[in-house]
2 protein chains.
Amino acid sequence: MTRERIVHTAANLASDRSLDGVTIGVLADELGMSKSGVVGHFGTKEALQLATLDFATDRFRELVWEPVKDQTPGLPRLLAICDSWIAYAENSGFDGGCCVVQISYEFDSRTGAVHDKVAAAVRRWRRVLVADIEAAVAAGDLAPGVNAAQLAFGLESIASGMAPSRMLQGDADTRDWARQAMRTILGLHP
Amino acid sequence: MTRERIVHTAANLASDRSLDGVTIGVLADELGMSKSGVVGHFGTKEALQLATLDFATDRFRELVWEPVKDQTPGLPRLLAICDSWIAYAENSGFDGGCCVVQISYEFDSRTGAVHDKVAAAVRRWRRVLVADIEAAVAAGDLAPGVNAAQLAFGLESIASGMAPSRMLQGDADTRDWARQAMRTILGLHP
DNA sequence: CCTACCGATCGGTAGG
DNA sequence: CCTACCGATCGGTAGG
């Protein structure tokens, strides 16, 4: 399906540069199509951006959540999430890393539909993390009295921080640093 | 000095949108100048971007490093850095948060002069963190055997993660979460 | 899905 | 620092 090809290519370009930088002309060129052929599927550039974001969040769920969703809720699944998340940060299938992280940092201080949609996607993911953190506390696997939202913030920050570490600094140990940092955030001693 | 006004305004716009999004026309409009009046100070857009990045890193050093540079090297200064860093993340003087974080995430997967310059700036800052972490270990204030580079990565990630937490999610507790997360990363128990 | 085209804006230059 | 201008590209439309 052509629409799928378009948003896939758009997400790839967005991860590599920025979502705003994915112009209709560049995208059409990349796809070997005309500009009107591309824009006809969406109507406006903002609608294309929203569809690209949908594609990226689907890919995130597919590569991070789907592989672990049948694990035992609580600490076992939380640790599995950390591992699939780190693997995804290293190989998201997009050239420039996780497209959702890119869009989060690009649109955080703006207003509008893209800002709202990426905020909602991150919020949904946080609820998953918070639920497993709370289940882990209830099971006695994490210290009682931890602030679940604070820990979720910590895990998110570490996962997002992998992109500049790997790609800006070229750190070879990013994976190990992130794995260790996530366990420290959770209060687990190695 | 006009050049100073231009890069200050450019850094403000870049923090709010993106560095690439600071077009010469928009910048000239914002300043009440002509496009050629703006571009004449720099020659090319890339030179303007590099000058804007210089301004932003100067501001970071001034607001995060300068206030704590006379503190005792090691854990005391490290904790002071965490506090000034968090305060800066909440009020950098730029409308859209820390300009260096914005540029890091925007240019991490690109090549070129802006990528290289922001990478070097982050690297310099890391060396400061690593030195104080190592001094804290030597003084017996942090656990022996900690990986200083890994801890620096953790602190950086938390500080950078404040922007989407505050501005994308509107989290009112970002400051407290970050402060707690930084201490946890350092292995300090509250 | 295409060609052809719209007005606006892009980065930048010439000349003063 | 300005006006005036360059060719290229922007998002998008008309018509088929």
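All chains are named by letter (A, B, ...) in the order of the sequence lines, taking the proteins before the strands, and each is independently numbered beginning at 1.
The aromatic rings of A:Trp85 and A:Phe60 sit perpendicular, their planes meeting at an angle over 60°, well past the 30° parallel limit.
Within 4.0 Å of B:Ser34, counting heavy atoms only, lies at least one base atom of the nucleic acid. Nucleic acid contact class of A:Ser36 (heavy atoms, under 4.0 Å, all strands): base.
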Show your reasoning for whether side-chain contact (heavy atoms from CB on, under 4.5 Å) applies to B:Gln49 and B:Thr52. CA-CA 5 Å; B:Gln49 291 183 327; B:Thr52 303; 5.5 Å; no

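The existence of a salt bridge linking A:Asp58 and A:Arg61 is confirmed by a sub-4.0 Å separation between a basic side-chain nitrogen and an acidic carboxylate oxygen. The pair A:Glu156-A:Arg126 meets the salt-bridge criterion, since a charged nitrogen lies less than 4.0 angstrom from a carboxylate oxygen. Note on B:Asp116 versus B:Arg110: no salt bridge recorded, every NZ/NE/NH1/NH2 to OD/OE distance being 4.0 Å or above. A:Asp83 has a carboxylate O that lies under 4.0 Å from a charged side-chain N of A:Arg179, or vice versa, which qualifies the two as a salt bridge.
Residues A:Leu48 and A:Thr44 have side chains not in contact (no heavy-atom distance under 4.5 Å, counting atoms from C-beta outward).
With 3.5 Å as the limit, one finds no donor-acceptor pair spanning the side chains of B:Asp95 and B:Ser15.
Put simply, chain A comes within 4.0 Å of DNA chain C, heavy atom to any atom, from C:dC1 to C:dT3, going 5' to 3'.
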Per-nucleotide pairing state of DNA chain C [Watson-Crick or G-U, under 3.5 Å; [ ] pseudoknot-crossing; | other strand]: ||||||||||||||||

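Comparing A:Thr23 and B:Thr2 by the nucleotide of DNA chain D that holds the closest heavy atom to each, the one mapping nearer the 5' end is B:Thr2.
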